[in-house]
Amino acid sequence: MKKNFFLVALCAIGITLSFTACSDSDNDSNGTTWGDPIETSDEALDPVVASYVNNVVIPTYADLVAKNSALYDAVCQFVNAPSDEAFETCANAWMEAREPWETSEAFLFGPVADKGLDPNMDSWPLDQDGIVTVMNNQDYSVLDWEGDFEELDEDNPTEHALAIANAQSLRGFHTLEFLIFKNGEARKIEAEASDDDPAEINCTAENAAKWGAYMKAVALRLLNDSKTLYADWNTSYNGGDSYKTLFLAHDGRSGYQSALNCLEQIIDGCADIANEVGSSKIGDPYNFYIAGQTTEALYAVESWYSWHSIDDYSNNILSIRNAYYGSRDGSIDDNSLAAKILAVNPQMHQRVVDAINNAYNAIQQIPAPLRNNITDAKTVAAMEACADLEDFLSKTLKPYLQQ
């Protein structure tokens, strides 16, 4: 998803947010004084950007490569000797590989967006009919696409964008999830073949070879996409400097003109995933369900084959925490945005921390599995907490930095 970067001059346009514009200290609508703003020169913010990149982005993508490599190895073991135990090993490896991916979703900008690596790895919902077709004909060329990435505009789709979207609906984490899990558990080698419903397809001794071959094709592409993403950030992007170098330089080559522009992008990424979790990942199933579209509601619940939805969404919120803290372990790095704000504005810092924790805890309180509790009151509370988090990040924290 591409974003626009521009500085909002609060004093010039007089936006009313949760504080008084153009003053030496910020106040919310209740009169709480936020204190002085942080210094936003490049000299002051460059260490924050470096902390974010070196402590969060690069290690997360390195972990993604390592765990997708372990997942690929587990799938190869299944190919060599299909069994219930091999399915269980694959299921555990898939769960492990999901964690770094979901904790990367607060920074879905740069190569992951420009090259279509996000939908390559994480398209949802799936084309179950198409998956069964690939299973039967073993034509894995349909998983690939050529040319520059073009995001699908559902109202005005181009032929190229449709071809890309069709390929992406047959690969990635969730295709592998469908092949590894059923009803929240690792699949087993079944004695009986499935019926004609693609959703109920079974892995049997007769089709295990084809099943494993498809798993391997998907796992290999997942691994290659994660390697591409890591290399783009850490080694070279499009044949030039790494995206890390471009982002840290913020000299206009990647669209960023200052360290503050980079911080704006970081907060935009956090706000985007907070909104996506609340309004789409949880909100879409809820809206379908209350509209009487129960089947559509079920299929809109991401990761429902594995019953991993709540963990996925919780990790999305942790990706926001990691970006703000400048770490992946819940500690506050000395050069993080959190540390900068805490030093001059502890009340603002606490509001950010509370909003993150409220969203995370609300998601954790949803009864599992989510697919069976779509309209539960705690599900609604989680949507509201995510909306509050997105609102605070975009309407209070970001303008606070821009003043």
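- Under a 3.5 Å cut-off, the side chain of Tyr313 and the backbone N or O of Glu302 do form a donor-acceptor pair.
- Taking Gln293 as the reference, nothing meets the side-chain hydrogen bond (donor to acceptor under 3.5 Å, both in side chains) condition, with sequence neighbours excluded.
- The side chain to side chain donor-acceptor pair (under 3.5 Å) pairs that include a residue from residues 376-392 are Glu390-Ser394, Asp391-Lys395, where partners are two or more places apart or lie in different chains.
- Sorted by first and then second residue, the salt bridge (charged side-chain N to carboxylate O under 4.0 Å, His left out) pairs with a member in residues 52-69 read Asp63-Lys67, Asp63-Arg328, Lys67-Glu96, Lys67-Glu99; sequence neighbours excluded.
- Here the side chain of Ser123 pairs no donor or acceptor atom with the backbone of Asn120 at under 3.5 angstrom.
- Under the 4.0 Å criterion applied to side-chain N and carboxylate O atoms, Arg98 and Asp311 are not assigned as salt-bridge partners.
- Counting heavy atoms of neighbouring residues, nucleotides and ligands inside a 6.0 Å radius, atom CG of Asp334 does not exceed 12 of them.
- Sorted by first and then second residue, the salt bridge (charged side-chain N to carboxylate O under 4.0 Å, His left out) pairs involving residues 285-297 (not counting sequence neighbours) form an empty list.
- Screening residues 214-234 for salt bridge (charged side-chain N to carboxylate O under 4.0 Å, His left out) gives Lys115-Asp232, Asp144-Arg221, Arg171-Asp225 as the qualifying pairs, with residues at least two apart or on separate chains.
- Evaluation of the side-chain hydrogen bond (donor to acceptor under 3.5 Å, both in side chains) rule for Trp307 yields no partner, not counting sequence neighbours.
- Here Asn357 pairs with Val353, Asn361 under the side chain to side chain contact (heavy atoms under 4.5 Å, CB included) rule; sequence neighbours left out.
- Heavy atoms of other residues, nucleotides or ligands lying less than 6.0 angstrom from OH of Tyr289 number 12 at most.
- A 6.0 Å sphere centred on CD of Glu185 holds no more than 12 heavy atoms belonging to other residues, nucleotides or ligands.
- Using modelled atom types, no side-chain atom of Asn345 and backbone atom of Ile341 make a donor-acceptor pair closer than 3.5 Å.
- Between the side chain of Tyr140 and the main chain of Tyr214, a donor-acceptor pair closer than 3.5 Å is present.
- Judged by distance alone, with hydrogens and angles left aside, the side-chain atoms of Gln403 form a donor-acceptor pair with the main-chain N or O of Tyr400 at under 3.5 Å.
- At least one donor-acceptor pair closer than 3.5 Å links the side chain of Asn207 to the backbone N or O of Thr204.
- Classification of the Phe149-Trp145 ring pair by plane angle, with boundaries at 30° and 60°, yields tilted.
- In this structure, Asp333 contributes its side chain and Tyr325 its backbone to no donor-acceptor pair below 3.5 Å.
- Under the salt bridge (charged side-chain N to carboxylate O under 4.0 Å, His left out) criterion, no residue pair touches residues 126-142, with sequence neighbours excluded.
- Trp101 pairs by the side-chain hydrogen bond (donor to acceptor under 3.5 Å, both in side chains) definition with Glu105, Asp122, not counting sequence neighbours.
- Inspection of the Ser303 and Ser306 side chains reveals no N or O donor paired with an N or O acceptor under 3.5 Å.
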Quiz: residues 72-82 side-chain donor-acceptor pairs under 3.5 angstrom, not counting sequence neighbours:
unit_1 : atom_1 : unit_2 : atom_2 : d
Asn80  : ND2    : Cys76  : O      : 3.2

*Which is it for Lys340 and Glu39 under the salt bridge (charged side-chain N to carboxylate O under 4.0 Å, His left out) test, yes or no, and what are the steps along the way?*
CA-CA 9 Å; Lys340 289 287 186 182; Glu39 171 60 45; over 6 Å; no

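- Between the Ser69 side chain and the Val65 main chain, no donor and acceptor come within less than 3.5 Å of each other.
- For Tyr52, the side-chain hydrogen bond (donor to acceptor under 3.5 Å, both in side chains) criterion is met by no residue, not counting sequence neighbours.
- Residues forming a ring-ring contact (aromatic ring centres under 6.0 Å, His included) with Tyr299 (at least two apart in sequence, or on another chain): Trp304.
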